[in-house]
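Remember, predicted model here, so these are calculated numbers, not experimental data. Per chain, numbering begins at 1; letters A, B, ... match sequence-line order.
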Amino acid sequence: PDSGSFQTAGKKPPVTEPVDSVETVEETNKTEGGRPIKSPMVGIFYISPAPDEAPFVEVGQAVSKGDVLCIIEAMKIMNQIESDISGVVRRIMVENGEPVEYGQPLFLIGES
Amino acid sequence: MLDKVVIANRGEIALRILRACQELGIKTVAIHSEADREQKHVFLADESVCIGPAASADSYLNIPAVISAAEVTDAVGIHPGYGFLAENADFAERIEQSGFTLIGPRPETIRLMGDKLSAIKAMKKVGIPCLPGSDGPVGNNGDVLDIARDIGYPVIIKAAGGGGGRGMRVVHSEAALMKAISLTKVEAASAFANDTVYMEKYLLQPRHIEVQVLADEHGNAIYLGERDCSMQRRHQKIIEEAPAPGIDKSTRREIGERCVEACLSIGYRSAGTFEFLYDEGNFYFIEMNTRIQVEHPVTEMITGVDIVKEQLQIASGEDLSYRQEDIGIWGHAIECRINAEDPDNFMPSPGMIEHYHPPGGPGIRVDTHVYQGYHVPPYYDSLIGKLIAHAETRELALARMSIALSEIIIEGIKTNVPLHQRLLKDAAFKAGGTDIHYLEKKLGLK
């Protein structure tokens, strides 16, 4: 049997974000020089504390280690996600209200 | 029919569940750890969600992560497979509280059967025969000596929160009894967070015979015959077969009907298995498994029933597809569990499968998630697939299995295929009816 067809038997399933917005973290690091903040859980990503409030952070904003960057809602609990490094927000990698999986890059934090 | 189901498991059973969902037009969500991104069912699923790092505790056993994945994908049902959270009553409860449907029994039933003592009590109440035993917890007091004398040595001390062969100790004489109880309690407290232990008669040469049942939410319950799973090493099944050699039609009907009555009286739902020790013509209930089991394919082959599809239909609120009179037993089926392990010392053998070629032909079924180039991860149990052979007679099924074992190629890792080839040639196994200690004696482990 053609063993090649075995491995291509299924398409890579669409992860929770559209395909064209996915790029490797290494590529992003090279172009924008940052480290990714990855999601520690499965849930819904929110950039603001509440719908009509200002976002926790914006691109270009300086953040310190321990600053809250976003909320991930899981099982009705709003979990505040803190930055584990200090730097400048280079990129916000998910849309507000988008589902995220464990390990998914949320932010790119570059050096100040 | 359920619209979308989260497959809360991995490996071969996740692929099995996916296939059944696809047949029924149910959308699939494959949840997986970081180490399992390249599983076959993850590639084939409609959606996939990474729920945690490699460690099971943080992924497949992580209840909030599993439920959160169901929430973000708008799933309706969750199939827990076997192992992991499949028999975790708290998980079942939280699923319901969160508004999802568990593909399985009600949380109360899982809890009832999860405590081995309450399970035995419930079974006795409905007339299922059980082993002579303490009928309750045993402690370190003097009564325990009388209980043991009444039962008659040897006895076995078992953890009420255990099961699946874990948390047990055999006692051959009164002198060893108190110490055995203390040790088993300590181990049980550590392994199951529950130090309750009980005592049962220890049978010297029993066979392990279990009965498969299906029950829906409309008062219908049926039995699908029995399986013989006596070929075990350290309480882990290695070869299973259906029907059990030497069990005649009327015995099958009798024990099957008893199990069905038990299902109806406890309000059982979905697939389940009543496990018995069979000794000198008598069945003794030991525990009930409230989930799909690894060895379900042998029952599927001889009855033609797709047990996983039935589970999905039951969870969708539908009636069983079959009445008892529709169920027939045709031929004989054998299953060999293929593990990624050294065939002699049983050490796990993870790594890349460099060359894979499955067997085929009439009556051969291969339930596996592996493919050429797949990396068997080191974090999970070593089961990489099941090879099933079905034929008109047991003799022919054994022959088909031997041929299939000679055809299968799995290179790059070690597997227990050579062990299976030895067992298929074993005279006692070929004759049928070997007991649960046979394999370990043969391997010189006892």
Return yes when atom OH of Tyr379(B) has more than 12 non-hydrogen atoms of other residues, nucleotides or ligands closer than 6.0 Å, and no otherwise.
no

Does Glu58(A), at its CD atom, have more than 12 non-hydrogen atoms belonging to other residues, nucleotides or ligands within less than 6.0 Å?
no

Answer yes or no: does atom CD of Glu407(B) have more than 12 heavy-atom neighbours from other residues, nucleotides or ligands under 6.0 Å?
yes

Would the number of heavy atoms belonging to other residues, nucleotides or ligands and lying under 6.0 Å from NZ of Lys414(B) be above 12?
no

Could you measure the distance from the CD1 atom of Ile44(A) to the OG atom of Ser68(B)? Nearest 0.5 Å is fine.
7.5 Å

Does atom CD of Gln22(B) have more than 12 heavy-atom neighbours from other groups under 6.0 Å away?
yes

Within this structure, what is the OH-CD1 distance for the pair Tyr102(A) and Ile31(B), rounded to the nearest 0.5 Å?
14.5 Å

Which residue out of Pro64(B), Gly52(B), Ser59(B), Ala65(B) racks up the most heavy-atom pairs below 4.5 Å with chain A?
Gly52(B)

Just do the side chain to side chain contact (heavy atoms under 4.5 Å, CB included) check on Lys76(A) and Glu71(B) with the steps written out, would you?
CA-CA 10 Å; Lys76(A) 311 285 183 266; Glu71(B) 285 177 345; 4.0 Å; yes

Is any side-chain heavy atom of Ser98(B) less than 4.5 Å from a side-chain heavy atom of Met75(A)?
yes

Quick check on the interface: out of Pro53(B), Ala69(B), Ala70(B), Ala30(B), who has the most heavy-atom pairs with chain A under 4.5 Å?
Pro53(B)

Do you know which of Val49(B), Val72(B), Ile51(B), Thr73(B) makes side-chain contact (heavy atoms from CB on, under 4.5 Å) with Glu101(A)?
Val49(B)

